[in-house]
Every structure is written in structure tokens, then in C-alpha cells.
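Along the sequence shown, residues are numbered consecutively beginning with 1. Whatever order the structure lists ligands and atoms in, that order sets their numbers, starting from 1.
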Amino acid sequence: MPSSSQRLNLRTPEVMLEVQAKVEQHYRSSLVEKVRAQGGLFQQGQTQIYLAKQFGFCYGVERAIDLAYAARKVFPNERLFLVGEIIHNPEVNAQIAALGIQNLLEGGGTAAIDRLQPNDVVILPAFGTEIVMLEKIKARGSRIVDTTCGDVMSVWKRVKQNAFEEVTSIIHGKASHEETKATASRALGTGKGHYLILLNLEETDFVVKYLTQGGDRDQFLNKFQGALSEGFDPELHLARIGVANQTTMLRAETEEVQRRLRSAIEERDGNTNNFRFFDTICGATQERQEALLDLLKRPLDFLLVVGGYNSSNTTHLAEIGEKNLPTYFVRNQECLESLTRLRHYDFHHHQEITLNNDWMIKSPQESISIGITAGASCPNNLIEEVMMRLLDLREGSIGQGLIVPS
Ligand code: SF4
């Protein structure tokens with residue numbers, strides 16, 4: 001069996017020139033770019049559509065997609081694989097599959113890894129992959145195209161440092177999310193490290209209580225089953241903690257998690273010497289959340305959040321939206337079936353639901369203001385399609401609108 005793998009750099013100027021032309025053709029929208037550049041308002045008849053100042057593809061996602069296209073260009077005849085999904089957007093993943101790039105984890109198993117050959121090329125996704133997976137691929141000797149975002153790697157650096165200093169990493173994130181799994185695997189360091197993954201404030205408060213009042217060890221282990229490192233003992237491994245987060249969490253919640261844990265350590269120890277905190281929310285997530293808060297200052301009738309249902313940063317945008325106004329989380333324009341029928345994602349119950357009501361809130365004769373935003377994995381062409389669908393439903397025609405400079 002081959003024992004070493006080769007990491008590839010595909011970003012040469014001639015490759016990127018061709019790749020970017022193709023990527024733009026698949027995902028770009030000149031209308032969306034123009035509307036955004038001129039202040040974000042598109043108007044037709046009685047319908048006003050406001051776009052957030054920041055939404056859609058982030059730098060990490062753009063780079064990952066460029067690299068996947070570049071891999072296909074550089075290796076037109078090789079077998080190309082991807083570890084899971086390159087990003088969390090079904091339309092983009094379908095395009096990647098159309099390039100002949102196969103999902104190595106298709107069907108949820110890892111059997112395909114054992115059939116990898118040295119000539120195969122394996123693409124690692126933007127959110128990275130677990131160390132154990134990486135080692136398996138390396139052991140097959142296949143060539144690797146690593147699209148892991150630099151912001152994710154910064155989190156890894158922090159949690160590795162924690163492990164080195166025998167500080168347990170408390171990761172604010174979703175235990176089932178690829179990025180958090182990849183980060184947790186790095187939090188083990190060379191074997192001395194431990195981690196605990198906290199999803200929300202309820203779980204944080206459970207840990208706070210344990211830190212300040214003690215508690216039942218088995219109950220603790222039971223509660224966090226699947227979200228902590230092997231051999232984790234709350235009696236030992238909460239002595240020194242460092243908080244990090246999945247890059248796409250809700251910023252305000254992450255700040256509250258760290259504030260509550262810091263206070264608990266201070267109450268327990270009389271100081272915060274055994275507490276570390278690194279803000280690892282990425283810039284793109286932050287900008288999109290702030291831009292949405294800005295958009296919500298406008299008098300909107302409802303908000304559409306466009307993106308893949310398993311996208312963490314998109315879900316958090318929907319969460320911000322629904323605290324303020326009627327919010328619909330849609331995958332694409334097909335979800336807007338008619339003026340009285342809409343499919344959207346209920347992220348609280350993890351299911352797509354259909355509304356058979358007056359979801360549009362106002363009749364086509366009445367003036368309406370609609371806000372649109374999208375997660376970091378949503379391409380602009382999908383936003384344009386949603387805008388056009390709204391106009392088609394409300395105004396009976398598309399393409400006659402005006403971009404209104406602000
Ligand atoms: S959402 Fe943030 S961490 Fe994730 S790929 Fe984009 S920039 Fe990187």
C-alpha cells in the first residue's frame with residue numbers, strides 16, 4: 001500500500017483564468033451585483049426588494065469552488081473525489097457532481113476510501129476534515145487538494161495550543177457539523193487534549209452549574225454523549241478551559257457562552273487564570289450577520305433567507321430574522337410555489353414545511369417591501385432567480401424593474 005500522499009497547488013494563473021470564467025458562468029448574477037453596488041433596492045410596480053449589503057459566497061467558499069473546478073481542469077482524466085460536500089448548498093454540490101467529482105462518503109460509509117489509488121485526486125472541503133479521515137486518505141497515497149478555509153485553520157491552531165497547554169477546549173458548535181468534528185479532532189493535540197462541544201446556552205448553563213456547584217458525573221457524561229472526547233472526566237477536565245467556536249455560529253450567542261463560562265471559572269477559582277477565550281467567528285459570518293441587522297432597520301413586510309438547509313451560517317441568519325419579522329428560509333425559487341403556497345425550512349424541527357396561506361402577507365395591489373439575504377454558501381444566481389420569482393408572482397412579469405440608488 002502506498003504510504004505517502006502529495007498535496008497539490010493548482011492555483012496557477014493560466015488554470016485560474018479559465019476556471020474563474022466557468023465559475024462566474026455558473027454562479028454569477030450581474031443584476032444582483034448591480035443592485036448591491038447601488039444600495040440594495042430593486043423596485044417593480046408595487047414590489048420593493050431590498051438586498052442585504054453582504055450575503056452569499058464568502059472568500060473561503062469561493063476559493064473552495066475555484067479549487068474544485070481547477071482540479072477538474074488539471075486532471076481531466078483522473079478519478080476525482082470529494083470528502084462529503086464541498087459546501088452546504090445542494091445546487092453547488094450538483095454542479096460539482098456534474099463535473100464528475102464523486103462524493104467519497106456517498107451513502108454515509110467510508111468503504112470507498114479503501115479503494116483509493118495513488119492516481120486519484122481527493123478534494124478536502126472548505127470546512128476541513130477530521131484527522132483520522134485525512135490519515136486514511138494519506139495512507140492510500142492519493143493526491144490531495146486541500147480547500148480548507150484559512151479561518152477554520154485558525155481555530156485549529158487555537159485548540160491545538162490548548163491541548164499543548166493541557167487546557168480543555170470548549171467548542172461552541174454543532175457536534176454533527178463537519179467543521180466542528182474536524183476542530184474537535186485537532187483539540188486532542190498529540191493525545192493529551194480534551195474537548196467538550198456545547199450547542200447552546202442551555203448546555204452552557206448545565207456546565208456553569210457543574211463548575212460552580214458540582215454535580216453528578218454520570219449525568220454529565222450522559223448529557224454530552226457524542227460531544228466530548230474519549231476519557232473525558234468532568235472532575236478532571238474542566239479544571240482549565242479554553243472557549244473556541246465553530247466559525248459560523250451566532251456571534252451574540254458565542255459571546256454569551258464565553259461570558260457565562262468565564263464568570264463560572266471566576267466564581268469557582270476566585271480568578272480567571274484557568275480560562276481562555278478566542279473569538280473564532282469568521283469575518284464573513286460576522287459581516288453577513290451585521291448586514292442583516294442593518295437590513296432589518298428598514299420597514300420590511302417579510303424576509304427571505306436563501307440557502308442550503310444544512311448550512312449553519314444560513315440557519316443563524318434565519319434565526320436573527322425570525323426574532324424580528326416573518327422569515328422564510330428557502331432553498332431556491334422553486335420553494336415560492338404560488339402567492340398562497342410556499343415551502344420553507346423549519347430549522348427548529350429540521351424539516352421543510354409547506355405553508356398554504358397568505359404567506360406573502362399583502363395582495364399584489366398593495367405596496368410591499370421584501371428583504372433578502374443568503375448564507376455564505378449561496379451563489380448570486382440563486383438570489384436573482386428568487387427575485388425574479390417574486391416579481392413574477394406579484395407583478396405578473398419580470399425584468400422591468402428599476403435599481404433605486406440609495
Ligand atoms: S463561512 Fe467563514 S470559515 Fe466558512 S468558508 Fe466562509 S470564510 Fe471560511
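- Here N93 pairs with E85, I86 under the side-chain contact (heavy atoms from CB on, under 4.5 Å) rule; sequence neighbours left out.
- Taking the six-membered ring where tryptophan is involved, the planes of Y328 and H344 are perpendicular, since the angle between them exceeds 60° and thus also 30°.
- One finds no salt bridge joining E18 and K22 here, because no Lys/Arg side-chain nitrogen approaches an Asp/Glu carboxylate oxygen to under 4.0 Å.
- Ordered by chain and number, C149 SG make up the set of protein N, O or S atoms under 2.8 Å of atom 8 (Fe) of ligand 1.
- The aromatic rings of F206 and F224 sit perpendicular, their planes meeting at an angle over 60°, well past the 30° parallel limit.
- Between the T183 side chain and the W156 main chain, no donor and acceptor come within less than 3.5 Å of each other.
- With a heavy-atom cut-off of 4.0 Å, T248 touches ligand 1 through its side chain alone.
- Residues R28 and E33 are paired through a salt bridge, judged by an N-O separation under 4.0 Å between the basic side chain and the carboxylate.
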